[in-house]
Protein chains: 2
Amino acid sequence: MPRAGLDPAAVVAAAAGLADEVGLANVTMGLLAERLGVRAPSLYKHVSSQADLNRRIAVLALTELGDVLRDALQGRSGRDALAAAARTMRAYVVEHPGRYAATIRLNADSPDDPVVAAGARVLDSLSAVLAGYKLDPADTVHALRLLRSLFHGFAVLEAAGGFEMDTDVDESFEWLIGFVDRGLTS
Amino acid sequence: MPRAGLDPAAVVAAAAGLADEVGLANVTMGLLAERLGVRAPSLYKHVSSQADLNRRIAVLALTELGDVLRDALQGRSGRDALAAAARTMRAYVVEHPGRYAATIRLNADSPDDPVVAAGARVLDSLSAVLAGYKLDPADTVHALRLLRSLFHGFAVLEAAGGFEMDTDVDESFEWLIGFVDRGLTS
DNA sequence: GGGTATGGCTAATGCTGTTAGCTTTTAGCT
DNA sequence: AGCTAAAAGCTAACAGCATTAGCCATACCC
């Protein structure tokens with residue numbers, strides 16, 4: 001009986017991939033174990049519970065998202081940066097719906113939870129976008145919340161198939177970027 | 001052994017109340033049955049499955065939301081209507097987080113699903129808000145998606161405790177209403 | 001009052017997540 | 001090289017969940 005050579009990172013990576021394929025809700029310990037060529041109880045040597053697994057998937061997703069955002073924003077500012085951030089976030093959620101879903105139901109109980117740090121990096125990128133606009137400093141937090149709410153809401157609705165009408169969703173998204181840019185500029 | 005006198009509406013109403021109290025994910029058939037003074041299998045005389053129960057809760061929530069929106073928009077237009085709709089939706093989600101959560105994970109398989117009709121009534125109210133602005137008809141669908149995404153995203157993030165910074169969330173929300181109003185006016 | 005649909009029940013099944021305890025491998029130390 | 005001990009896998013078992021099957025009592029209708 002050879003050993004599988006797993007570690008927490010490998011388990012989380014497999015779980016994230018599985019979540020993207022079959023949906024986060026269908027990522028069962030048994031299915032994940034099968035995917036890894038292992039029995040379900042063995043997973044508990046690497047991950048302490050399913051809730052822990054979900055939290056780790058969320059950290060992975062936020063870290064990846066922070067990375068691609070940072071890359072996408074390199075050398076851009078103003079409307080270019082806004083559009084790049086928006087398209088990057090949308091693309092990430094479309095490509096990795098399972099991972100992203102893990103970031104929604106979070107209860108960051110402890111303040112030094114890695115999920116907080118990973119989320120902060122995403123927020124930093126959004127702040128960088130806003131830095132390209134001349135905003136009253138008192139409004140920056142409001143604008144940040146606007147971006148988060150809007151991108152998050154759009155992503156969730158699109159992922160849930162919530163846009164029934166046959167008008168092109170891409171077109172709506174680009175229109176939305178223009179709307180926000182104009183609002184932040186004036 | 002006297003009879004409990006249940007019907008589907010009573011079961012759904014109890015489930016919705018329970019969801020608001022303990023969270024939708026914790027609404028188990030056993031807990032719901034206990035709340036109703038009945039054993040779990042008896043619920044299947046009124047509801048065909050837990051998925052069916054969730055769908056019915058969603059219909060209830062969307063219907064209620066459509067009603068309060070209609071009331072709130074009576075006699076208002078322009079920025080007044082926008083602000084009323086926004087505050088009403090936010091208040092509903094804060095008061096009924098469990099019900100609202102049921103509206104998120106929906107797969108409206110059949111086109112005559114009651115959930116579609118209930119959702120359409122909410123959309124109608126949002127359309128009525130937009131009617132108060134002079135928009136290019138081609139942009140109306142985009143603006144509708146903007147409102148949905150923004151309100152939904154804000155509600156989800158607030159319900160999840162996602163706004164960590166200590167700036168007042170109410171203030172951000174009002175700022176956001178002003179932002180959208182300005183953008184739709186120009 | 002008698003017949004029937006209905007709403008409740010108990011018992012049982014299958015699928016979860018999770019724990020306990022055992023065994024083998026692997027890595028580290030001398 | 002060989003010994004030791006931690007780590008990583010396993011089987012067996014349990015508890016909680018949704019759900020089904022089948023039974024019995026109740027309430028309505030004529």
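Sequence lines set the chain letters: A, B, ... in the order given, protein chains first and strands last, and positions in each chain run from 1.
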Which heavy atom of A14(B) sits nearest a heavy atom of L36(B), and at what distance?
-> CB-CD2, 3.6 Å
Aromatic ring centroids of Y100(B) and Y92(B) under 6.0 Å?
-> no
Result of checking N54(A), L6(A), V11(A) against V47(A) for side chain to side chain contact (heavy atoms under 4.5 Å, CB included) | V11(A)
Calculate the interatomic distance between R3(A) atom CZ and dT26(C) atom P; express it in whole Å.
-> 6 Å
Sub-4.0 Å heavy-atom contacts from residues 36-46 of chain B onto DNA chain D, ordered by number = P41(B), Y44(B)
Roughly how many Å is it from CD in Q50(B) to C1' in dC17(D), rounded to a whole number?
-> 9 Å
Got a sec? Which of residues 10-35 of chain B come in under 4.0 Å of DNA chain C, heavy atoms?
-> none
Sole residue of T140(B), D139(B), L144(B) in side chain to side chain contact (heavy atoms under 4.5 Å, CB included) with H142(B) | D139(B)
Exam field: side chain D181(B) to backbone G78(B), donor-acceptor pair closer than 3.5 Å | no
So, D80(A) side chain and R76(A) main chain: donor-acceptor pair closer than 3.5 Å or not?
-> no
Minimum heavy-atom distance between A81(A) and L73(A), given as atom pair plus value | O-CD2, 3.3 Å
Under the 3.5 angstrom rule, does the side chain of R148(B) hit a backbone N or O of G162(A) as a donor-acceptor pair?
-> yes
